[in-house]
Amino acid sequence: MKVIDLHTHTTPASGCSRLRPEDLIKRAKQLGLDGVCLTEHHASWDTYSIRQLALRYDFTLFRGVEITTREGDVLVYGPHTFGLPYEIQGIISAQRLQEMVVLRGGATVAAHPLRGCFLSRDGQESAEFHQKVRELSSRPVFRWVDGIEGLNGNTSNIQNQGALTICELLGLPATGGSDAHLVSDVGRYVTCFEQDITNDRELAHAIRQGTFKAIALEAWHRGVSSSA
Ligand SMILES: [Zn+2]
Ligand SMILES: [Zn+2]
């Protein structure tokens with residue numbers, strides 16, 4: 001089983017992040033993660049730099065990218081997708097992005113899909129919440145992705161609960177990622193894969209297959225200590 005944080009941003013590659021790659025890796029190792037995926041905004045790590053970093057810290061690193069589409073942010077995974085940020089001009093549609101990713105054998109995940117929703121204190125158990133989530137599940141972005149980020153570390157609990165419910169309604173798998181921009185964010189939510197994932201090709205394949213679960217790291221640690 002592999003526990004991976006599938007959504008992280010580092011400085012200077014992502015302008016909004018204050019997290020240095022070295023600090024991300026040190027924190028991820030401390031937390032007991034098996035790997036981390038660097039998903040910068042519209043930028044991919046080059047092969048040489050990421051290998052050097054992985055070797056220096058003896059830690060498994062994956063590469064992804066976060067692309068802003070007309071319908072929302074989409075995380076892209078897969079070894080042949082690293083050139084996409086340089087190929088894409090302007091803001092494209094999620095459908096066009098999915099077409100480009102499919103051609104390259106990659107995988108897509110709708111990032112923090114309900115960020116900005118449920119800003120009032122609607123109860124998670126209320127009928128209004130469920131009705132609203134059903135309406136939101138028809139958003140076009142969900143038609144053009146392999147999975148949905150059900151647990152995002154920079155999103156409120158109710159927004160994550162809504163995203164997880166949409167995964168169930170649409171039969172799409174839920175990923176977990178911290179969306180870390182600070183060292184304290186790292187690993188808040190992670191994705192637990194059924195199989196070993198050792199490279200970007202296997203990661204994209206597993207995401208398309210849906211062989212994983214989104215989980216809060218705390219819950220995983222509790223599970224590990226109770227089964228030990
Ligand atoms: Zn985003
Ligand atoms: Zn992000």
Side-chain angles (χ1 to χ4, degrees), residues 4-21 23-25 27-28 33 35-45 50 61-78 81-82 84-85 88 90-98 100-101 106-119 136 139-142 144-164 166-167 172 174-191 200 203-204 207 212 214-217:
I4 303 170
D5 186 341
L6 283 184
H7 187 171
T8 64
H9 297 279
T10 63
T11 181
S14 289
C16 51
S17 176
R18 292 196 356 233
L19 176 60
R20 297 188 319 143
D23 297 330
L24 164 64
I25 296 168
R27 182 69 184 139
L33 304 193
V36 158
C37 188
L38 298 158
T39 53
E40 314 295 358
H41 291 287
H42 289 255
S44 301
W45 277 72
I50 202 159
L61 294 175
F62 301 93
R63 273 190 287 181
V65 60
E66 183 169 7
I67 302 280
T68 297
T69 74
R70 283 207 280 271
E71 293 82 7
D73 287 354
V74 175
L75 294 161
V76 175
Y77 304 94
T81 64
F82 303 143
L84 283 179
I88 293 170
I91 306 287
I92 63 169
S93 67
Q95 179 178 4
R96 179 73 192 115
L97 178 63
Q98 173 73 337
M100 293 173 97
V101 172
T108 52
V109 171
H112 48 72
L114 301 192
R115 186 176 284 172
C117 305
F118 303 114
L119 298 177
L136 290 165
R139 282 188 166 181
V141 68
F142 300 127
W144 308 113
V145 287
D146 299 296
I148 296 174
E149 192 176 44
L151 292 175
N152 172 288
N154 269 318
T155 301
S156 72
N157 287 342
I158 193 163
Q159 289 161 353
N160 281 331
Q161 190 52 50
L164 288 171
I166 289 176
C167 289
L172 282 169
T175 65
S178 66
D179 203 356
H181 289 68
L182 298 169
V183 74
S184 52
D185 296 336
V186 177
R188 177 149 178 233
Y189 295 117
V190 291
T191 306
D200 290 300
L203 178 65
I207 291 172
F212 51 81
I215 187 165
L217 192 71

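When a ligand or atom number is given, it counts from 1 through the structure's own listing order. Not measured: the values here are computed from a predicted model. No hydrogens, no waters, no symmetry mates; every other heavy atom, side chains included, goes into these values.
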Is the distance from the Zn ion (ligand 1) to some N, O or S atom of His41 under 2.8 Å?
no
Tell me which N, O or S atom from Glu66 is the closest to the Zn ion (ligand 1).
OE2
Asp73, N/O/S atom nearest the Zn ion (ligand 1)
OD2
I'd like the atom name of the N/O/S atom in His9 lying closest to the Zn ion (ligand 2).
NE2
Could you tell me which N, O or S atom of Asp179 is nearest to the Zn ion (ligand 2)?
OD1
What is the ring orientation for His9 with His41, classed by angle as parallel under 30°, tilted 30 to 60°, or perpendicular over 60°?
parallel
I'd like to know if the Zn ion (ligand 2) has an N/O/S atom from His7 within less than 2.8 Å of it, counting both backbone and side-chain atoms.
yes
Just by distance, with hydrogens left out, do [X] and [Y] show a side-chain donor and acceptor under 3.5 Å apart?
X      : Y      : value
His112 : Gln159 : no
Ser178 : Asp5   : yes
Glu149 : Thr175 : no

On a heavy-atom basis, the closest approach of Leu203 and Cys37 is CD2-SG, 4.3 Å
